[in-house]
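Single-structure report; data block below.
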There are 2 protein chains.
Amino acid sequence: MTTAQRPTLEAVARRAGVSRATVSRVVNGSTTVAEEIQEAVRRAVAELGYVPNLAARTLVTQRTDSIALIMPEAATRVFSDDQVFPGIIQGVSQELEAADKQLVLMLAGSAAGHDRVERYTLGRHVDGVLFASLHGADPLPGTLARAGIPAVCSGRPLDDSVPYVDVDHLGGVSRAVAYLLDAGRQRIATIAGPQDMVAGIERLAGYRDTLAAAGHPPLVAVGDFTRESGAAAMRQLLDRHPDLDAVFAASDLMAHGALRTLREAGRRVPDDVAVIGFDDIEMAAYTDPPLTTVRQPIKEIGREMTRLLLRMATGQPFEQTVILPTELVIRESA
Amino acid sequence: MTTAQRPTLEAVARRAGVSRATVSRVVNGSTTVAEEIQEAVRRAVAELGYVPNLAARTLVTQRTDSIALIMPEAATRVFSDDQVFPGIIQGVSQELEAADKQLVLMLAGSAAGHDRVERYTLGRHVDGVLFASLHGADPLPGTLARAGIPAVCSGRPLDDSVPYVDVDHLGGVSRAVAYLLDAGRQRIATIAGPQDMVAGIERLAGYRDTLAAAGHPPLVAVGDFTRESGAAAMRQLLDRHPDLDAVFAASDLMAHGALRTLREAGRRVPDDVAVIGFDDIEMAAYTDPPLTTVRQPIKEIGREMTRLLLRMATGQPFEQTVILPTELVIRESA
DNA sequence: TTGTATGCGTTATCAC
DNA sequence: GTGATAACGCATACAA
């Protein structure tokens, strides 16, 4: 367990009988080094098990070749088998892989966590920052932008401080509600998402607008995108509006919770009550009955955010806003 | 959008009319600085928006105050609404929060990703490394250990290179199978996990042993812990052993897939076929019928791994192995 | 093509 | 209590 003094450029240079500069050139793939010397250096590197010290390199190059993806939620929420964050992570991950950059995932749920993330990103530990969903008016994106650190959000930041990528919430919701209306549903309720998040706000607005246009009254209960909250909201709705015959839930997870409540209440789906979710996570095809839902291209959000960020970081032209399409996926629950 | 030259210690020092050393002392909370000077320095820091350059600090302190959690899976698998990884992340996150260390999550699914992670960790970009599940015989833990970088695995590494934390797979499985036997089930099948992962191997072993002890033959199909693979494995089992009356699935997700296949095949659960899963993820209470399963304290695994690592990193005594208990949670599927 | 010298922004070891 | 000054490990402009 000897914390063996790790080899430095200097050590490799001595071993190979050359200068530090030459070793550095070889390590960084410069072609202006004689073949045989390259060979000798490479052998020395292998023998000593040399690995460049990233901090030292960063200090001089001003680059870290890694970018941060920040989840401003408690770890609990982020990964509570909601597939939205994971989907974004996938997309980001794929795109960064292609650019040979390291993904650094950071959770900023607590106040302390948020501080730590701020120190970390502002401390130039990453070349750019991606925000996966913002709660309320987080000042961090703006702060980063002012510090000259490229940043991109998913969903419009309330202060318009940085470019963002989002999906067409309104279009998706209105198609879902229109579908229920077309099917002759008369009492269409909704289980809305948290009202301090863009996704929660926009989906509720879409529901209200479409329903109002058709001359129907809104029946609203609010959840927080989790399954448990969906189950509770459904109980509330059944209580207040026993005659409802359809529900649009702002997330598949809440729809799943609602399904359970409806089963417990003896309501058949879709015969008595039609249910439509939002997201189209993998689980949606496995609920009983399989869930009709609004699909959003989650992974694509991650990819687009990353492309945008990389363009910003390399000084290429970039767009301020990217909006991706949504689509109604019809299964059996409605 | 001016990439404003960010202020350094030097700039703050000039502004406050003191030396760099003094500014450094104040920034790092040294008490040996006169109150009024501290005040002046703090003001200068605020005015300039100074944030320490982490690379520079790391270069001299040899610490990064961040630790890596490595997921050696494709992003796809890691977050495919399997709740195991998310649970570990939660536990790790909580424990690191308490230690005021930054969590750096890294995906090492592809070969390129694995390389990048190797460079990153070996490059001393983190103070320690946590491995969430290993596939086959990954040499990285051993390499890190040799380089003097603290590392901990979840599940025993095949080469015993580093300390690890795991749960009592065998005990949990044998309790589940014994429960089925006690209920009078005669033809008990299993949907095993991937056989290049400790969890997959041990759970299958537990099934075989317990069944053999009772004089029953093993009926095995292999999946990869995903829902889809569980559904497929169940079809295979029904095909080969139409008379089976119970199934133990090595993960809740596979159990969920099996449930779907059984429904499609017209088998009632638990009347015709009893089903038991493993994990007890949140979803288990929401399946139809709710899933009987072996609970493993997932979050606790993450916490224990982290505690172990932090002890290693600070030179405190630590144990080579930590085994956590499992428990049979009885619901309605068996 | 290769080596020398310098600087990146901190912290830490000294004197004062 | 405070200020010079020397590392830390690397990349690079410049000289040879």
Side-chain angles (χ1 to χ4, degrees), chain A residues 3-42 44-45 48-65 119-120 122-125 127 147-148, chain B residues 3-42 44-45 48-66 119-120 122-125 127 147-149:
Chain A
T3 306
Q5 188 57 31
R6 61 192 308 249
T8 68
L9 257 197
E10 178 69 42
V12 177
R14 267 201 308 274
R15 177 101 173 196
V18 297
S19 73
R20 290 204 317 255
T22 299
V23 176
S24 177
R25 291 192 185 98
V26 174
V27 169
N28 292 299
S30 169
T31 48
T32 70
V33 176
E35 192 51 55
E36 47 196 307
I37 293 195
Q38 287 197 34
E39 193 49 44
V41 169
R42 259 190 273 278
V45 164
L48 265 43
Y50 169 75
V51 181
N53 180 311
L54 265 25
R57 173 179 286 175
T58 295
L59 193 53
V60 41
T61 61
Q62 306 282 38
R63 288 179 305 101
T64 65
D65 286 324
R119 288 200 305 268
Y120 197 87
L122 238 33
R124 286 291 200 283
H125 222 308
D127 297 339
Chain B
T3 307
Q5 188 56 29
R6 62 191 308 247
T8 69
L9 256 197
E10 178 68 42
V12 178
R14 268 200 309 272
R15 176 103 173 194
V18 297
S19 73
R20 289 200 320 251
T22 299
V23 176
S24 177
R25 290 193 185 94
V26 174
V27 169
N28 291 298
S30 167
T31 49
T32 69
V33 176
E35 191 52 56
E36 46 196 308
I37 292 194
Q38 286 197 35
E39 192 49 46
V41 169
R42 258 190 275 278
V45 165
L48 265 42
Y50 169 76
V51 181
N53 181 311
L54 266 25
R57 172 180 287 174
T58 294
L59 193 54
V60 41
T61 61
Q62 306 281 39
R63 288 179 306 99
T64 65
D65 286 324
S66 60
R119 289 199 307 267
Y120 197 88
L122 237 34
R124 286 292 201 284
H125 222 308
D127 297 338
I149 300 175

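Convention: sequence-line order gives letters A, B, ...; per-chain numbering from 1.
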Interatomic distance, B:Arg14 CZ vs D:dG3 C1' [rounded to whole Å]
16 Å
Can you classify the ring geometry of B:His125 versus A:His125 as parallel (below 30°), tilted (30 to 60°) or perpendicular (above 60°)?
tilted
[X]: which residues meet the side chain to side chain donor-acceptor pair (under 3.5 Å) condition with it, sequence neighbours left out?
X	answer
A:Arg63	A:Asp65
A:Thr64	A:Ser66, A:Asp127
B:Ser19	B:Thr22

What stems show up for DNA chain C when you take Watson-Crick pairs (N1-N3 plus N6-O4 or O6-N4) and G-U wobbles (N1-O2, O6-N3), both under 3.5 Å, and require three or more consecutive pairs?
C:1-16 with D:1-16
Base versus backbone protein contacts along nucleotides 10-16 of chain D [heavy-atom cut-off under 4.0 Å; B, S, -]
BBBB---
Approximate separation, where rounding is to 0.5 Å, of B:Arg57 CZ and A:Leu59 CG:
13.0 Å
Between the CD1 atom in A:Ile37 and the CD atom in A:Glu39, the distance rounded to the nearest 0.5 Å is 11.5 Å
Quick test of your reading: applying salt bridge (Lys or Arg N to Asp or Glu O under 4.0 Å), list the pairs with at least one residue in residues 7-30 of chain B, sequence neighbours left out, ordered by first then second residue.
B:Glu10-B:Arg14, B:Glu10-B:Arg20, B:Arg15-B:Glu47
Side chain to side chain contact (heavy atoms under 4.5 Å, CB included) evaluation trace for A:Arg6 with A:Asn53
CA-CA 10 Å; A:Arg6 61 192 308 249; A:Asn53 180 311; 3.7 Å; yes
Using heavy-atom distances to pick each residue's nearest nucleotide on DNA chain D, tell me which of B:Leu59 and B:Ser19 is more 5'.
B:Ser19
